[in-house]
Amino acid sequence: MAARVLIVDDSALVRRIFQSELSRDPGIEVVGTAPDPYVAREMIVRLKPDVLTLDIEMPRMDGLTFLRKLMEHYPLPVIVVSSLTPRGSELALEALEAGALEVVCKQGNAWNANGAGSILAEKIKAAAGAHVSAQRPGARPLRPVLAMTRTTQKIVAIGTSTGGTQALQRVLTEMPPNAPGMVIVQHMPEHFTRAFADRLNGLCAIEVKEAEQGDSVTPGRALIAPGNWHMLLRRSGARYFVELRQGPQVCRQRPSVEVLFKSVATYAGRNAVGVIMTGMGDDGARGLLEMRQAGARTVAQDEASSVVFGMPRVAIEVGAAEKICPLDRIGAAILDLAADG
């Protein structure tokens, strides 16, 4: 059955481009377009779409306010379409905290040339089956930061996609200051990852930053791969560090979880813990298997707590996951497995 989508954007041009591009996909039915949240509200009740695409900078009522009201009264999978301006990045992150599943960059007339239409289509189809109730918008951890009895030189590698911003916030805010060094791939557009890392850094007991070339991976630090760059783990003597590179997409992604996990399998082996969480597709599943085969401990998020049970499902199917945990147990599992070594 085709995913039924409602497009909400104040730009008539953007609405036409989105409708034209998305209608090319037989797996999507565009049920309507709306110029603002007031019109959208009536159309949602009448048309009952599976997914909403939402601009967040609109007149009359901004998209963020509308999103919060929607999630409170009529939860629905929402994909936010945002500009690449600093303000657009900040609003997009607030939208993710409020319950949006994904952020897609608005690229105007460059939309077709950059293949963004097919990317949005894939995200819409994945969102149509998302567990919106699995997200807890704006939530803080229900328990205090977990204690770790001893410092470890373990490396923790985490990969996630759709629904992953909230999942990462949940896990990282549970990490104590002496948690193992972490390397993370969250599928997110270029320019958004720095703002996302900065926001997490303000919430966590550990340091969280967007990775830069040559950054050291040390206890108490989490490095997030920058949008549009693959991130690989490297080692020189006892020092772990990251390398950033371009190159082709892997599993249709850049950064790719697969690229990160394979490098962790090679350079950290049994000194690593690998975690794959909510997300569409299969990025990272086979890389996690390579990590496990190299002696690493591995964890996959369970279906019930995943917004989209794609990446974890494939990882489980190929035998990559040693443990399968709900989101609220992943932080503890990371620290237990790291301490076991």
Side-chain angles (χ1 to χ4, degrees), residues 3-9 34 36-38 40-41 43-45 47-58 61-83 87-106 120 122-142 160-173 186-189 192-193 195-197 199-200 202-203 277-280 301-312 326-328 330:
R4 305 174 72 252
V5 61
L6 175 65
I7 299 164
V8 185
D9 198 294
D36 62 54
Y38 292 98
R41 181 177 57 192
M43 295 181 75
I44 288 169
V45 173
L47 299 173
K48 295 180 172 55
D50 300 316
V51 182
L52 209 68
T53 70
L54 180 65
D55 185 15
I56 50 178
E57 296 183 85
M58 292 185 290
M61 180 191 295
D62 67 272
L64 190 57
T65 299
F66 176 60
L67 176 65
R68 288 173 175 148
K69 292 178 180 293
L70 186 69
M71 289 301 171
E72 181 179 358
H73 301 291
Y74 196 105
L76 188 68
V78 174
I79 297 173
V80 164
V81 182
S82 175
S83 67
R87 173 171 167 76
S89 298
E90 184 63 27
L91 289 175
L93 290 176
E94 290 186 39
L96 289 169
E97 289 188 349
L101 296 184
E102 291 267 14
V103 175
V104 174
C105 294
K106 182 184 290 187
L120 179 59
E122 290 303 314
K123 291 182 183 297
I124 287 170
K125 288 184 285 188
H131 302 155
V132 177
S133 60
Q135 287 199 318
R136 304 178 53 237
R140 297 294 184 263
L142 297 178
T160 186
S161 185
T162 310
T165 55
Q166 287 295 309
L168 278 173
Q169 179 174 314
R170 177 64 187 257
V171 171
L172 295 186
T173 51
Q186 161 67 50
H187 295 157
M188 186 175 278
F192 287 85
T193 42
F196 177 54
R199 183 171 290 251
L200 285 176
L203 298 173
M277 298 198 295
T278 176
M280 66 181 237
Q301 187 175 351
D302 72 354
E303 181 173 8
S305 68
S306 293
V307 174
V308 176
F309 192 57
M311 289 159 50
L327 178 59
D328 63 3
I330 288 178

Tell me, please, which residues at least two apart from [X] pass side-chain hydrogen bond (donor to acceptor under 3.5 Å, both in side chains).
X: Gln301; result: Ser305
X: Asp36; result: Arg60
X: Thr193; result: Glu210
X: Arg199; result: Glu90, Glu97

On a heavy-atom basis, the closest approach of Val308 and Ala126 is CG2-O, 4.0 Å
Do you know the tightest heavy-atom contact between Val8 and Ala40? CG2-CB, 3.7 Å
Looking at OG1 of Thr173 and CG of Leu200, how far apart are the two atoms once the value is rounded to the nearest 0.5 Å? 8.5 Å
NE2-CD1 distance between His73 and Ile44, expressed to the nearest 0.5 angstrom: 12.5 Å
[Y] side chain reached by [X] side chain, heavy atoms, under 4.5 Å:
X: Ser161; Y: Glu102; answer: yes
X: Thr160; Y: Thr165; answer: no
X: Leu168; Y: Met277; answer: yes
X: Ser82; Y: Leu91; answer: no
X: Gln166; Y: Val307; answer: no
X: His187; Y: Met280; answer: no
X: Tyr74; Y: Lys48; answer: yes
X: Val103; Y: Met188; answer: no

Distance-only criterion, 3.5 Å: show the donor-acceptor pairs between side-chain atoms of residues 62-72 and protein atoms not counting sequence neighbours.
unit_1, atom_1, unit_2, atom_2, d
Asp62, OD1, Thr65, OG1, 2.8
Asp62, OD2, Leu64, N, 3.0
Asp62, OD2, Thr65, N, 2.9
Asp62, OD2, Thr65, OG1, 3.3

Please list, chain by chain and in numerical order, all residues satisfying salt bridge (charged side-chain N to carboxylate O under 4.0 Å, His left out) with Asp302, sequence neighbours excluded. none
Using modelled atom types and a 3.5 Å cut-off, is there a donor and acceptor pairing between side-chain atoms of Arg170 and backbone atoms of Ile330? no
Donor-acceptor contact present, side-chain Thr278 to main-chain Thr162, <3.5 Å: yes
Ile124 pairs by side chain to side chain contact (heavy atoms under 4.5 Å, CB included) with which of Leu101, Asp50, Ile79, Leu52? Ile79
